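First up is the structure itself, then whatever we jot down about it.
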Amino acid sequence: MFFCDPHSPWQRPTNENLNGQLRWEYPKGTDFNNVTDAQVRAVQDQLNSRPREVLNGQTPTEILDTIINGATTT
């Protein structure tokens with residue numbers, strides 16, 4: 001486990017990359033009172049189905065499925 005230093009975004013690149021992707025959908029100043037749960041789920045599904053280099057081309061959804069299926073078969 002690694003704890004990043006405060007105010008050091010270069011120590012957590014995957015998180016910062018995801019934040020940037022979220023800003024494409026929800027720019028600064030977005031009023032989330034006008035965003036529905038369905039819209040948030042759609043963006044969530046879109047981001048979780050995007051292949052990631054850090055996951056060797058797999059998606060977060062595929063990795064989670066592998067973990068869940070592996071845990072239930074042991």
Side-chain angles (χ1 to χ4, degrees):
M1 182 175 285
F2 177 77
F3 291 96
C4 299
D5 296 319
H7 309 291
S8 302
W10 60 89
Q11 293 179 352
R12 49 188 186 279
T14 300
N15 176 264
E16 292 301 319
N17 184 29
L18 183 60
N19 289 345
Q21 292 173 16
L22 283 169
R23 286 286 174 218
W24 279 97
E25 297 294 330
Y26 301 113
K28 284 189 176 186
T30 297
D31 182 1
F32 283 96
N33 291 317
N34 299 325
V35 178
T36 67
D37 289 347
Q39 290 170 319
V40 171
R41 267 188 235 101
V43 171
Q44 170 188 305
D45 292 343
Q46 177 187 21
L47 292 175
N48 284 335
S49 63
R50 184 176 292 169
R52 307 284 168 86
E53 186 175 329
V54 72
L55 299 175
N56 296 319
Q58 291 183 292
T59 68
T61 301
E62 291 170 336
I63 297 294
L64 181 60
D65 288 344
T66 300
I67 292 169
I68 290 172
N69 290 332
T72 58
T73 58
T74 54

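Everything quoted here is computed from the prediction, not taken from an experiment.
Under the side chain to side chain donor-acceptor pair (under 3.5 Å) criterion, Asn34 pairs with Asp31, not counting sequence neighbours. Remark: Gln44 pairs with no residue by the side chain to side chain donor-acceptor pair (under 3.5 Å) rule, at least two apart or across chains.
Residue Asn48 comes nearest to Thr59 through the heavy atom pair O-CB, 3.5 Å, listed as atom of the first residue, atom of the second, then distance. Shortest non-hydrogen contact noted between Gly57 and Pro51 is O-CB, 3.3 Å.
A distance of 10.5 Å separates CG of Leu22 from OG1 of Thr30, quoted to the nearest 0.5 Å. Taken from CD1 in Ile68 to CD1 in Ile63, the straight-line distance is 12.0 Å, to the nearest 0.5 Å.
Judged as a ring-ring contact (aromatic ring centres under 6.0 Å, His included), the pairs with a partner in residues 27-50 (not counting sequence neighbours) are, in order, Tyr26-Phe32.
Side-chain atoms of Ser8 come within 3.5 Å of backbone atoms of Pro6 as a donor-acceptor pair (strictly under, hydrogens ignored).
Exactly one of Leu47, Asp45, Val40 qualifies for a side-chain contact (heavy atoms from CB on, under 4.5 Å) with Val43. That residue is Leu47.
Between Arg41 and Asp37, some side-chain heavy-atom pair lies under the 4.5 Å cut-off. Side-chain contact between Glu62 and Asp65 is absent, with no heavy atoms from C-beta onward closer than 4.5 Å.
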- Full working for side chain to side chain contact (heavy atoms under 4.5 Å, CB included) between Leu18 and Arg52: CA-CA 11 Å; Leu18 183 60; Arg52 307 284 168 86; 4.2 Å; yes
